Amino acid sequence: MEQKRKVDRSIRRNYRRYVFYQVWVRSFRDGNGDGIGDLYGLYDKLGYIKSLGVDAVWLSPVYPSPDADYGYDISDYRDIHPDFGTLEQFRKVLDRVHELGMKLIMDLVVNHTSDDHRWFKESRKGKDNPYSDYYIWRDKPNNWDSLFEGKAWTYDEQRGQYYLHIFQKKQPDLNMDNPRVREEVKDIMRFWLDMGVDGFREDVINFISKKEKLPNGLPFIPAVNGMFAYKDGPHIHEYLSEFRKVCDDYDCIQIGEGPMTTVKSALSYLTGKNKSLDMMFSFDHMMADCLFTEYMQRPFSLKKLKRAFSKWQYALNGKAWNTLYLENHDHPRVISRYGSEKLRRESGTMLAACYIFQQGAPFIYQGQEIGMTNIRLRDINDYKDISSKNNFNRYHLKDSLERRMERIHNSSRDSSRTPMQWSSARYAGFSKVKPWFVVNSNYSEGVNVADEEKDPDSILNFYRRCIRLKKSSKVLTYGSYREFFPDSNEIYMYERVYRGHHWLVICSFSKHIVKVSLPKEFENRPNELLLCNYNGERKDNMCFEPYETRVYRFL
Ligand code: NOJ
């Protein structure tokens with residue numbers, strides 16, 4: 001039993017004003033010299049995170065795991081991965097986070113465990129085992145595909161049955177219909193909350209209740225064919241409200257990851273009698289250049305991006321709070337997708353403004369704030385991520401090798417998992433020895449924290465300015481949102497309005513100079529320019545440079 005520790009529980013009251021920073025520890029900072037990021041390295045860099053203006057850290061899984069899916073396959077929920085440190089070191093990190101006035105959110109992955117988890121090892125022993133019903137076993141599989149590889153069922157010789165795995169076969173799905181499994185989850189939550197963590201980011205949480213009898217999916221839709229039967233399942237609200245009660249006892253927050261979630265279904269988790277989550281990660285805006293990342297790529301469409309942004313802004317206004325993000329460990333780097341690597345500083349700063357000033361809590365993913373970009377490895381075997389490798393081998397097999405590799409370059413999750421670039425020293429200052437994964441070579445061309453610190457106009461310092469501005473303003477925090485010129489292929493423009501105050505955010509997504517017109521109601525009105533990613537006088541004030549962004553306050 002973990003000793004219950006007294007901590008300040010103000011997160012529930014305040015999270016709407018927070019900026020979150022996501023750490024994927026393996027690639028953040030190596031503190032013990034083995035080439036793998038860890039909790040020692042994180043401890044040393046907490047001051048840096050704080051210096052950005054961050055209020056809360058979300059830690060991707062740090063539990064023991066065979067790393068078939070880099071931590072999202074957990075083999076023990078109550079310990080720390082030996083690569084990352086010990087429980088004692090974790091407590092030090094937690095205490096330091098709190099001393100710095102920040103909060104810490106853990107990743108809770110309970111749709112599935114690792115096949116190396118004790119429960120699964122027991123469960124596969126046979127039907128009489130006490131853990132027999134912890135997982136989903138069938139004599140005959142249905143037709144569901146796995147999101148990560150082939151079919152969603154694997155035959156287990158020992159048990160003589162098939163088990164379900166929506167992700168890869170080393171990630172068997174837990175049977176949440178079993179009350180004992182739910183008790184286990186609640187115990188795990190209490191274990192970390194007693195230690196003092198401030199809440200959870202809950203992995204694929206809208207998948208945990210499967211439709212009774214597991215009906216077949218639509219056979220002609222690859223990979224996601226079973227989704228209608230496991231997304232937002234029949235008991236999801238019941239199960240989540242049980243978890244919610246635990247959070248209520250500790251005044252902490254639950255943020256759900258909701259793959260493929262719609263506005264309507266998100267609102268069912270965030271509002272009303274079933275309210276169980278404080279915020280939810282949606283995905284619509286991550287598909288402005290693809291459909292399910294690796295599966296189908298298409299040219300970036302600003303209109304698609306704006307439609308997705310605005311849909312969520314309008315729908316949640318006054319009812320719930322958005323999570324705002326452009327990157328995490330599951331997506332390639334945003335400059336390489338929605339911006340321009342050639343105009344890295346310009347597009348990286350504009351992209352920061354375009355999402356941070358919306359209504360909601362901004363999340364920044366490690367390295368995003370220094371404008372890290374995608375990697376392009378020559379051989380698929382040089383990539384580490386299981387989903388990239390499997391998707392390479394299952395989709396578009398008739399295309400040329402070059403085209404298939406190009407898809408991986410554009411879409412692999414590995415681009416966000418390269419070591420954090422701290423300096424221009426060897427291995428980007430991430431480690432003193434060869435890191436576990438390739439370092440993006442642009443660390444020696446200025447894409448690193450130390451160089452960005454020195455330049456007042458860097459992406460890093462622009463993030464700081466955006467965060468400061470957002471936090472200093474009730475308009476940018478609480479104001480409602482209205483988009484202008486939704487049909488423009490070059491400009492994203494929105495206002496935030498609060499108690500009669502109007503602020504306007506203008507972002508050019510163009511590589512060229514663009515003449516911008518203001519909406520009629522703002523023409524000739526006095527204003528103050530509060531933020532811009534370009535310096536200096538302009539001949540024509542409303543000509544926007546490539547990827548220019550401005551924030552105006554109208555007087
Ligand atoms: C979502 C996580 O963010 C991702 O990294 C993981 O592979 C899947 N869920 C499965 O846990």
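Remember, it's 1-based here, ligands and their atoms both numbered in the order they're listed. Source: prediction; values computed, not measured. Hydrogens, waters and symmetry mates are skipped; everything else that's a heavy atom, side chains included, is used.
Electrostatic pairing of Arg78 and Asp76 does not count as a salt bridge here, judged by no charged N lying under 4.0 Å from a carboxylate O. Salt bridge status for Asp248 with Lys245: absent, with no side-chain N to carboxylate O gap under 4.0 Å. Using a 4.0 Å cut-off between charged nitrogen and carboxylate oxygen, Glu149 and Arg394 do not count as a salt-bridge pair. Taking the charged nitrogens against the carboxylate oxygens, Asp232 and Lys211 have no contact shorter than 4.0 Å, which rules out a salt bridge. In summary, Asp145 and Lys151 engage in a salt bridge, as defined by a charged side-chain N under 4.0 Å from a carboxylate O.
Shortest contact from atom 5 (O) of ligand 1 to any protein heavy atom: Asp330 OD1, 2.7 Å. Ranking protein heavy atoms by distance to atom 7 (O) of ligand 1, first place goes to Asp69 OD2, 2.5 Å. Nearest to atom 8 (C) of ligand 1 among the protein's heavy atoms is Phe167 CE2, 3.8 Å. Scanning all protein heavy atoms for the shortest distance to atom 11 (O) of ligand 1 gives Asp203 OD2, 2.7 Å.
When ring centroids are compared, Tyr72 and His329 come within the 6.0 Å threshold. Checked against the 6.0 Å centroid criterion, the rings of Trp422 and Phe430 do not qualify as a close aromatic pair.
Interface of Arg413 with ligand 1, defined as ligand atoms under 4.0 Å from a residue heavy atom, comprises 4 (C), 5 (O), 6 (C), 7 (O). Ligand-side atoms of ligand 1 in range of Phe148: 7 (O), range being under 4.0 angstrom from any heavy atom. Residue contact check: Val204 has heavy atoms under 4.0 Å from atoms 9 (N) of ligand 1. Atoms of ligand 1 found under 4.0 Å from any heavy atom of His112, numbered from 1 in the order shown, are 10 (C), 11 (O).
Proximity of Arg417 to ligand 1, defined as any heavy-atom pair under 4.0 Å, is confined to the side chain (atoms from C-beta onward). With a heavy-atom cut-off of 4.0 Å, Tyr70 does not touch ligand 1 at all. When non-hydrogen atoms are compared, ligand 1 lies under 4.0 Å from neither the backbone nor the side chain of His331.
The shortest side-chain heavy-atom distance between Gln421 and Asn440 falls under the 4.5 Å cut-off.
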